[in-house]
Every structure is written in structure tokens, then in C-alpha cells.
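These notes are about the structure you will find just below.
For the numbers below, each heavy atom of this structure counts, side chains included, while hydrogens, waters and symmetry mates do not. Start at 1 and go down the list; that is how both ligands and their atoms are numbered. In this chain, residues are counted from 1 in sequence order.
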Amino acid sequence: MKKALITGISGQDGSYLAEYLLDLGYEVHGIIRRSSVAENQDSRIAHLNDKIYTYYGDMLDTASLTSIMLKVQPDEIYNLAAMSHVRISFDIPSFTIQTNGLAVLNLLEVYRLFAPNAKFYQASSSEMFGNSVDDDGIQRLTTPMTPVSPYGCAKLLAFNLVRHYRHAYGLHACNGILFNHESPRRGSNFVTNKVVKAAVEIKKGLRDKLELGNLDSYRDWGHSKDYVRAMHKIINHDVADEWIVSTGETWSVRDLVEYVFSKLDMDWKDYVVQNPKFMRPEELKYLKGDSQRSRDTLGWEPEYTFHSMLDEMIENWMNKL
Ligand code: F7E
């Protein structure tokens with residue numbers, strides 16, 4: 001039985017990955033951070049409590065990472081822990097750089113010293129590209145990386161460290177450059193779930209407006225469930241490498257809002273207002289990723305479309321509220 005260690009197991013991706021690996025017969029271990037509201041700690045993985053092993057730890061506490069690594073002796077390490085909100089990274093830039101950047105160095109050291117035969121997956125991000133895009137309007141592995149947020153800068157540091165550790169120490173350390181990915185488990189301060197939740201609340205008479213930031217940015221949105229399958233394929237490919245995971249389609253925030261409100265028989269223009277509070281000091285305007293190599297070499301394909309993903313999220317809030 002293979003053992004997997006997942007940092008960030010209580011997050012959207014961590015919870016779906018845990019389910020996926022359990023189905024494949026893995027023994028699944030995960031690290032969770034202490035929260036003063038106990039329910040917030042494990043709401044996404046509570047249903048797995050008797051199937052997985054969890055440990056308190058923190059990316060900023062190298063001693064905790066060392067003791068967990070020694071105890072678990074994993075075959076596969078998935079580093080999904082991060083301060084994942086791009087706009088908030090402008091408010092807490094130093095914490096973001098430490099958690100998403102420097103702490104990855106500490107985790108790589110712990111991996112190199114205490115579990116060097118394991119395979120390592122790093123959750124890298126399309127935010128690393130910033131506003132770079134090839135002439136054909138697509139980001140690929142060769143597109144320059146010029147991040148436009150503390151979050152993107154930290155992720156780029158971690159990306160380079162992972163590559164460096166692979167080359168310097170012969171470790172099986174890989175980077176998955178994942179474009180945006182959503183689901184009913186997405187935090188409701190990310191734009192997809194924020195829009196869906198608010199639209200359903202308006203439909204049910206629980207509120208009357210929705211405040212958003214920039215409606216003119218474009219994202220390549222996939223489904224988290226599809227993307228965790230890609231993580232497993234990436235880490236288990238013979239050669240450790242860098243991979244792009246994306247749908248290859250791009251939609252604007254306006255397209256997203258229009259679709260969700262019209263699905264609920266409403267006109268978004270009657271309810272959506274812009275609030276500068278939700279704008280970023282520097283915005284990444286456009287993402288569309290080329291994942292052809294991942295599809296051809298790893299045999300990965302997404303199952304959800306942008307619309308079927310949003311339909312699932314709408315249904316989730318219709319049932320919940
Ligand atoms: O914003 C715009 C916002 O916060 C998407 C993370 O998973 O993907 C995610 O980062 C777009 C941006 O995701 C609001 O300005 C407008 O253009 O949902 P988001 P993100 O920043 O793209 C990457 C790949 C990651 O790695 C990250 O961890 O929507 N937008 N109005 C808004 N965004 C938010 N959050 N809230 C608004 O009110």
C-alpha cells in the first residue's frame with residue numbers, strides 16, 4: 001500500500017486528492033493547521049475522518065514538518081498548502097512569501113534529508129505568468145514568467161526551488177502549473193463561488209446585490225476534481241518534470257456572472273455593482289493555458305466544462321441555502 005502525505009489536505013484540492021488516492025488504495029496522511037474554530041479546520045475532510053491520518057503542523061514550523069516526515073515515511077508528497085488568495089496576498093505580502101515560498105524550501109530540505117526516495121509534487125500556479133502571453137494568446141511552459149502579485153512571486157520562488165532540488169540532488173520533484181480550478185468546495189471569497197453563492201441568495205430573496213471588482217479579467221477555469229487526477233499522473237510519470245494543467249478555454253468574469261444569473265432567470269445588470277475594494281493593485285488580465293503535452297503524454301483529459309462546473313456549484317448552493 002502506497003503512502004501519500006498531503007500538506008493542505010483540508011483545502012479544496014487536498015480534500016478531493018485525499019478521496020481520489022483513497023479510491024486508488026493509498027494510505028493517506030495529511031497536515032492541518034490549527035484554527036480557533038475547530039469546524040473550519042476539517043469541514044472539507046470530516047467525512048474522511050476514519051479513513052485518513054491527520055497531524056497538526058504548519059508550513060512555517062519546520063520541526064513539525066520534520067517530525068511528520070519521519071513518522072509517515074511517505075512514498076508521495078503533495079505540497080498543496082498555501083495562502084491561496086491572490087488579492088489578500090497584497091495585504092499580507094510577507095506572510096505569503098514565507099508560507100508559499102520560503103516554507104517550500106524548508107519542506108524540500110526535510111524531504112531531501114529524511115525521505116529522499118519519495119516523489120514530490122509542488123502546486124505551482126498560472127499566477128506565475130503574470131501578464132506574459134505568447135503572440136497567439138496562450139501561456140505555455142516557454143512563456144516568460146513575470147508575476148504581478150506577492151502570491152505569484154512566492155509561487156515562482158517555490159517553482160524554481162523545486163526544479164533546482166531536482167537537478168542538484170536527483171530528487172523526483174515535479175511542478176504542476178495549474179490554472180484556476182473551482183468546485184462546490186471552493187472558498188466563497190474566490191470569484192466563482194462568490195458569484196454563485198450571491199446569485200442563489202438573491203434568487204431566494206436573502207440579499208439584493210453583489211459587489212465585485214474587475215469584470216474584465218479572463219481566466220481559464222477548470223474543475224478541482226479533474227485537476228487532482230492530473231497531480232497524481234504528474235507525480236507518477238517516469239520522469240520528474242514541469243506540466244501545465246488547463247482547459248485551454250478562457251472566459252471573462254463578466255461571462256461568468258452573465259451565465260450564473262441567466263441560469264437562475266435573472267439579469268445580472270440589476271444586481272451587480274463594482275466596488276474598488278475588490279480590485280487588485282496590479283491585475284493579471286488574461287489566462288489561457290496550453291495543456292496539450294499533459295494530455296498527450298500523461299493521458300489526462302478534463303471531464304467537466306466551464307458550464308457543467310458552474311451548474312454543479314449552482315446546484316450545491318440551491319440545496320444548501
Ligand atoms: O479571481 C476577479 C479577480 O480570486 C479571479 C487562486 O486559486 O487561481 C486563483 O487566483 C478573477 C481575478 O482567483 C472579484 O480580479 C472580480 O481577475 O477567483 P480569484 P485568482 O486570483 O485568479 C490561481 C491560478 C491561483 O493559483 C490562486 O491560488 O476574478 N474578480 N471581482 C474577483 N475576484 C475575487 N476573489 N473577488 C471579487 O469580488
- [ ] Take the angle between the ring planes of Y271 and F261 and call it parallel below 30°, perpendicular above 60°, tilted in between.
- [x]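 Aromatic pair Y271/F261 classed parallel.
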Open item on the list: Would you say the ring centers of H85 and F190 fall short of 6.0 Å from each other?
Closed with: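 Yes.
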TODO: State, without any angle test, whether H181 and Q12 hold a side-chain donor-acceptor pair at a distance under 3.5 Å.
DONE: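 No, Q12 and H181 have no side-chain donor paired with an acceptor closer than 3.5 Å.
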Task: Within the 4.0 Å heavy-atom sphere of ligand 1, strictly under, residues - done: S84, H85, V86, S125, S126, Y151, L178, N180, R186, N189, F190, V191, K194, L212, G213, N214, S217, R219, V253, F278, R280, E283
Open item on the list: Here's a test for you: under side-chain hydrogen bond (donor to acceptor under 3.5 Å, both in side chains), which of S84, S149, S89 qualifies with E127?
Closed with: S149
Open item on the list: Closer than 4.0 angstrom, basic N to acidic O: yes or no for K209 and E201?
Closed with: no
Task: With Y227, the ring-ring contact (aromatic ring centres under 6.0 Å, His included) member among W300, F179, Y16 - done: W300
